[in-house]
Amino acid sequence: MRFPSIFSNLRLVLIMQVALPVLLVLAMILAIGLSMVGQFIEERMQRDLQQVARTIHLPVSQALERQDLDQLQNSMASVFGITEVYGAYLFDANGKRLSSFGVVNPTKEQATDALEQIAEGEFAQYERIRGRNVYSFFMPIFDATGQPNGLLQVTRRRSDIDRELTELKYWAWGSFGLVSLIILGVITYSHQRAIETPLQKLVESMRRVSQGDREHRAAEQGPIEISQLAKGLNGMLNAIEAAEKSEAQQRSAREQMAERLRQTETMAALG
């Protein structure tokens, strides 16, 4: 017994060879777009943190120069009302922590390494502080003579950035899945309405003709290809009908001629 191939169904052929390749291309475009948008969001969140650090940099520098501890603490604490800052730390030129706001504090080794790098200017990096993954932005603190006398570090949890990127991906791929289902549904409905129904009517017309209903003619409707098939079927049936009528007329003429010949021969035999 021969089983029909999955690609023998016109609807499946349309989905597998037309809809799926289009959706695959759209998925690739979406993946590239998400990568670009994700990079933009990550950079924006990093810039937000850097802007926070620059906002408190001047008042912290002035408070440190005046040894105004109250102003220093207030300036450091104010960052938590601006954005989702995970930690803010101030170190002197020797790596000693002068002020600290945050759940975990950087180690002295980390502060020393940052002070060495800060000699070339402000910088940022992803790092791990006591088991917590964070994004840190470092800014040098200068005294009145322009000499570096401290380090300002502001951090944000890496999970905050990752969470926003993950939510974006879930939203984007979820929307893509919904749109894909809608596209497949529209294709299925359109196929049913525009192709499958006219084809079924054409097949039904063929069945009726094969069962002996020679007077039946297929409805010439649907897409132009299907209507042309119906028109060709009707033309073939008309040609067969015309040929049968012509053959019947010729047979009747031959019978009439034979009858006249028989009558003539009878008359000749009777003299």
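For the single chain, residues carry numbers from 1 onward in sequence order. Side chains are part of it too, since the values below use all heavy atoms of this structure and drop only hydrogens, waters and symmetry mates.
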Among Glu122, Gln51, Arg156, Gln125, which residue satisfies the side-chain contact (heavy atoms from CB on, under 4.5 Å) criterion with Phe137?
Glu122

Could you list all the ring pair (Phe, Tyr, Trp, His ring centres under 6.0 Å) pairs where at least one residue sits in residues 20-42, not counting sequence neighbours?
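Listed by first then second residue: nothing to list.
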
Ion pair Glu259/Arg262, N-O distance below 4.0 Å:
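Yes, Glu259 and Arg262 are salt-bridged.
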
Can a salt bridge be assigned to the pair Glu241 and Arg217 using a cut-off of 4.0 Å between side-chain N and carboxylate O?
yes

Test of understanding: with side chain to side chain contact (heavy atoms under 4.5 Å, CB included), list the residues that count as partners of [X], not counting sequence neighbours.
| X | value |
| --- | --- |
| Gln250 | Ser246, Arg254 |
| Lys108 | Thr112 |
| Ile41 | Val37, Arg44, Met45, Glu164, Leu165, Leu168 |

Within the supplied structure, the quantity of interest is the number of heavy atoms (other residues, nucleotides, ligands) at a distance under 6.0 Å from Glu247 CD; does it exceed 12?
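No, not enclosed.
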
Qualifying residues under ring-ring contact (aromatic ring centres under 6.0 Å, His included), relative to Phe138, sequence neighbours excluded:
Phe123

Tell me, please, which residues at least two apart from Phe176 pass ring-ring contact (aromatic ring centres under 6.0 Å, His included).
Trp173

Side chains of Tyr89 and Gln110 only: does a donor on one sit below 3.5 Å from an acceptor on the other?
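The answer is no; no qualifying pair exists.
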
Do Arg157 and Tyr135 have side-chain N/O donor and acceptor atoms under 3.5 Å apart?
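No - no donor-acceptor pair under 3.5 Å links their side chains.
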
Does one hydrophobic cluster hold both Val209 and Leu229, with members joined at side-chain heavy-atom distances below 4.5 Å?
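Per the 4.5 Å side-chain linkage, Val209 and Leu229 are co-clustered.
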
Leu64 with Leu151, same ILVMFWY side-chain cluster at under 4.5 Å:
no

Cation-pi geometry met for Arg158 and Tyr126 (6.0 Å, 45°)
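Arg158 over Tyr126 ring: yes.
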
